[in-house]
Amino acid sequence: MTMQHNEFGQPIGMAVDNWTPRPFPSPKPMLGQYCWLEGLSPDKHGDQLFDAFGTDKEGKNWTYLFDGPFDTRADFDAWVERISKTSDPLFYAIIDRETERAVGVASFMRIDPANGVIEVGNIHFSPLLQKTPLATEAMYLMMQRAFDELGYRRYEWKCDSLNAPSRKAAARFGFTFEGIFRQAIMYKGRSRDTAWFSITDAEWLATKTMFKAWLEPSNFDTDGQQKKKLQEYAAEYTE
């Protein structure tokens, strides 16, 4: 990329021509071959999510989330009711096509249409969703909406810097690590250093190609096990 300079000889950022603010995301379903995502509904998804999250018997999957675990079903229902009504973050239920039941949630958040920046967050994959093609496809579908459907320029992932599984997932999904914001926030009575990751629109084509190749049915054996890792496709399409 050629560096641009202004009339004073100072280096400046590349011009963004004909930019208009991006549309705000909607709860319209995102359809995949292994799963789909739809706007979170307490009536439709509450029981299913309670059962799915309940398979995490120790509640350790809630450690790095802002809410939970919940002492009672009433507390859980109140949480689902509350988050289903927010527009930022905008929550989706992740539905397993095989069972047609909700097995996790994720959201678009810190939505900045003026600058074309959007974050994926509040990701809670139940044990029924973790380490499955559905989990990877759900993240791909949300990226596809942000970049292809809505035209955002930057897609962010943030997490507690101590959350090793989340940092590993971000790297696997093609995000670039950008650094640590020290003492960025407090939650659950403790301080959090936040790790920042991103994908830009310039990187999206290679990232999309990686996801599509990995998600092909031919990449899975008869037991549903992957033949090639996502990172192997990443190496092919980012060289």
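Heavy atoms only: backbone and side chains are in, while hydrogens, waters and symmetry mates are out.
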Would you indicate whether the side-chain heavy atoms of [Y] and [X] approach each other to under 4.5 Å?
X: F173; Y: F211; answer: yes
X: M142; Y: L37; answer: yes
X: L31; Y: R97; answer: yes
X: E38; Y: H45; answer: yes
X: I94; Y: F125; answer: yes
X: Y34; Y: F220; answer: yes

TODO: Classify the ring geometry between F108 and Y155 as parallel (under 30°), tilted (30 to 60°) or perpendicular (over 60°).
DONE: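 Judged by the thresholds at 30° and 60°, the geometry between F108 and Y155 is perpendicular.
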If you measure from the Lys or Arg side-chain nitrogens to the Asp or Glu carboxylate oxygens, is any gap between [X] and [Y] under 4.0 Å?
X: K188; Y: D67; value: no
X: D77; Y: R82; value: no
X: R22; Y: E149; value: no
X: R154; Y: D112; value: no
X: E216; Y: K212; value: no

Open item on the list: For F197 and F175: C-alpha separation, side-chain torsions, deciding distance, then whether ring-ring contact (aromatic ring centres under 6.0 Å, His included) applies.
Closed with: CA-CA 6 Å; F197 302 81; F175 287 82; 7.0 Å; no
Heavy-atom donor-acceptor pair, [X] side chain to [Y] backbone, under 3.5 Å:
X: E137; Y: C35; answer: yes
X: Q33; Y: L215; answer: yes
X: D160; Y: L162; answer: yes

- [ ] Locate the shortest heavy-atom distance separating V105 from A93; write the atom from each residue and the value.
- [x] CG1-CA, 4.5 Å
Open item on the list: I'd like to know if the side chain of W157 pairs up with that of E119 as donor and acceptor (distance under 3.5 Å, no hydrogens or angles considered).
Closed with: no
TODO: Give a yes-or-no answer on whether the side chains of T136 and R172 include a donor-acceptor pair shorter than 3.5 Å.
DONE: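 A pair is found: one side chain offers a donor N or O, the other an acceptor, under 3.5 Å apart.
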- [ ] Using the test side-chain contact (heavy atoms from CB on, under 4.5 Å), find all partners of I185 that sit at least two apart in sequence or belong to another chain.
- [x] F66, R192, T194
